[in-house]
Colleague: 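Below is the structure I would like to discuss, written out as structure tokens.
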Amino acid sequence: MTSGGCACGEVRYQFEGEPAATALCHCTDCQKWTGGAFTSNAVVPRTSFSVTKGTPKTWDVVGDSGKVNKHFFCGTCGSSLYTELEVMPTMACVKAGGLDGGAASLGGKIGVEFYVKDRVSYLPACEGAKQEQAFGS
């Protein structure tokens, strides 16, 4: 079981098993949402993920696919928690920075980087990660 939550502790969540994928997303929506250069994600089946405390707030954005990307965050401290993408209806993209016990490192391995066309110029590619110009390109 892997657990995590927001910075203030109002929202907690957990998921069972290993992530189906580990991914960085460099798209400009993720940059704006986090206030950073990318999001780091543990992609897990929605059936293995649950919110165990609190109720996240949400906001939606339409992605390049024309489908909705639903963002979940803490309404008190603003921490990014996870996303649910219409293009991936069975998965949740848990923002790794909120994982407990050093799990933000995602086991030291990133499987794929998305939207590398938007990657900031000072960051190199992650060694061994598949490089995608956009999502699913």
Side-chain angles (χ1 to χ4, degrees):
M1 191 71 67
T2 302
S3 62
C6 66
C8 73
E10 289 289 317
V11 179
R12 299 284 304 156
Y13 56 79
Q14 65 185 22
F15 62 86
E16 293 182 55
E18 293 298 313
T22 55
L24 301 184
C25 185
H26 300 278
C27 78
T28 55
D29 286 334
C30 282
Q31 291 173 12
K32 286 183 182 260
W33 188 34
T34 63
F38 56 87
T39 58
S40 55
N41 302 276
V43 182
V44 302
R46 289 186 193 179
T47 56
S48 74
F49 177 83
S50 62
V51 173
T52 58
K53 179 184 175 194
T55 303
K57 291 195 177 278
T58 65
W59 67 275
D60 296 346
V61 66
V62 176
D64 286 347
S65 66
K67 306 248 184 211
V68 171
N69 299 335
K70 184 174 284 297
H71 297 71
F72 294 81
F73 64 97
C74 176
T76 301
C77 68
S79 293
S80 305
L81 301 169
Y82 60 101
T83 51
E84 292 180 347
L85 311 178
E86 265 188 332
V87 297
M88 294 177 15
T90 63
M91 302 302 244
C93 300
V94 180
K95 305 308 156 195
L99 298 175
D100 295 338
S105 69
L106 296 173
K109 177 124 173 69
I110 299 300
V112 61
E113 293 186 75
F114 292 109
Y115 284 92
V116 298
K117 68 182 184 69
D118 296 329
R119 181 181 15 233
V120 295
S121 61
Y122 60 83
L123 287 178
C126 288
E127 188 175 331
K130 184 175 181 184
Q131 302 294 302
E132 295 283 351
Q133 289 299 305
F135 183 79
S137 59

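What you see below is based on every heavy atom in this structure, not just the backbone, and it leaves out hydrogens, waters and symmetry mates.
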Colleague: If you measure from OG1 on Thr28 to CG on Asp64, what distance do you get to the nearest 0.5 Å?
Modeller: 8.0 Å
Colleague: Who pairs with Phe72 by ring-ring contact (aromatic ring centres under 6.0 Å, His included), at least two apart in sequence or on another chain?
Modeller: Tyr82
Colleague: How about Ser3 and Asp100: does a side-chain donor come under 3.5 Å of a side-chain acceptor?
Modeller: yes
Colleague: Kindly give the heavy-atom pair with the smallest separation between Leu123 and Ala37, and that separation in Å.
Modeller: CD1-CB, 3.9 Å
Colleague: My understanding is that only residues two or more places apart in sequence, or in another chain, count here; which of them pass ring-ring contact (aromatic ring centres under 6.0 Å, His included) with His26?
Modeller: Phe38
Colleague: Mind checking what makes side-chain contact (heavy atoms from CB on, under 4.5 Å) contact with Glu10, not counting sequence neighbours?
Modeller: Cys6, Cys8, Cys74, Thr76
Colleague: Which Ile, Leu, Val, Met, Phe, Trp or Tyr residues join Val116 in one cluster when any pair of side-chain heavy atoms under 4.5 Å counts as a link?
Modeller: none
Colleague: Just how far is it from atom OG of Ser40 to atom CG of Leu99, taken to the nearest 0.5 Å?
Modeller: 8.0 Å
Colleague: State yes or no: do Val112 and Val87 share one hydrophobic cluster built from I, L, V, M, F, W and Y residues joined by side-chain heavy-atom distances below 4.5 Å, directly or via other members?
Modeller: yes
Colleague: Considering residues at least two apart in sequence or located in another chain, which fulfil the side chain to side chain donor-acceptor pair (under 3.5 Å) criterion with Lys70?
Modeller: Asp60
Colleague: Mind checking what makes side-chain contact (heavy atoms from CB on, under 4.5 Å) contact with Asp29, not counting sequence neighbours?
Modeller: Cys27, Val61
Colleague: If you look at every heavy atom in Val43 and Cys93, which pair is closest and at what distance?
Modeller: CG2-SG, 4.2 Å
Colleague: Tell me every residue that passes side-chain contact (heavy atoms from CB on, under 4.5 Å) with Ala125, counting only those two or more places apart in sequence or in another chain.
Modeller: Glu113, Arg119, Gln131
Colleague: Which atoms form the tightest heavy-atom contact between Cys25 and Asn41, and what is the distance?
Modeller: N-ND2, 4.0 Å
Colleague: Per the ring pair (Phe, Tyr, Trp, His ring centres under 6.0 Å) rule, what does the pair list look like for residues 115-134, sequence neighbours excluded?
Modeller: none
Colleague: What is the minimum heavy-atom distance between Phe15 and Ala42, and which atoms define it?
Modeller: CZ-CB, 4.3 Å
Colleague: Of the non-hydrogen atoms in Phe73 and Ser80, which two are nearest, and what is the gap between them?
Modeller: CB-CA, 4.4 Å
Colleague: Whether the side chain of Thr34 engages the backbone of Thr39 through a donor-acceptor N/O pair (distance < 3.5 Å, no angle test) should be reported.
Modeller: no
Colleague: Tell me every residue that passes side-chain contact (heavy atoms from CB on, under 4.5 Å) with Ser105, counting only those two or more places apart in sequence or in another chain.
Modeller: none
Colleague: Indicate if Leu85 and Val94 have the same hydrophobic cluster label, given that clusters are the connected sets of ILVMFWY residues with side-chain heavy-atom separations under 4.5 angstrom.
Modeller: no
Colleague: Sort and list the pairs that fulfil salt bridge (Lys or Arg N to Asp or Glu O under 4.0 Å) and have at least one residue in residues 36-51, not counting sequence neighbours.
Modeller: Arg46-Glu84
Colleague: Which pairs, with at least one residue in residues 34-45 and sequence neighbours excluded, count as a salt bridge (Lys or Arg N to Asp or Glu O under 4.0 Å)?
Modeller: none
Colleague: What's the spacing between Phe114 CZ and Glu132 CD if we round to 0.5 Å?
Modeller: 6.0 Å
Colleague: Treating Gln31 as the side-chain partner and Asp118 as the backbone partner, does any N or O pair qualify as donor plus acceptor under 3.5 Å?
Modeller: yes
Colleague: Please tell me if the side chains of Pro19 and Val44 come closer than 4.5 Å, counting only heavy atoms from C-beta onward.
Modeller: yes
Colleague: Tell me the closest heavy-atom pair linking Thr22 and Ile110, and the distance in Å.
Modeller: OG1-CA, 3.5 Å
Colleague: Quick check on Glu18: does its CD atom have over 12 non-hydrogen neighbours (other residues, nucleotides or ligands) under 6.0 Å away?
Modeller: no
Colleague: Rounded to the nearest 0.5 Å, what separation is found between the SG atom of Cys30 and the NZ atom of Lys95?
Modeller: 5.0 Å
Colleague: Could you list the donor-acceptor pairs under 3.5 angstrom formed by side chains in residues 47-57, with sequence neighbours left out?
Modeller:
unit_1	atom_1	unit_2	atom_2	d
Ser48	OG	Pro45	O	2.9
Thr52	OG1	Arg12	O	3.4
Lys53	NZ	Gly9	O	2.9

Colleague: For residues Phe135 and Met91: do they belong to one hydrophobic cluster (side chain heavy atoms under 4.5 Å, members Ile, Leu, Val, Met, Phe, Trp, Tyr)?
Modeller: yes
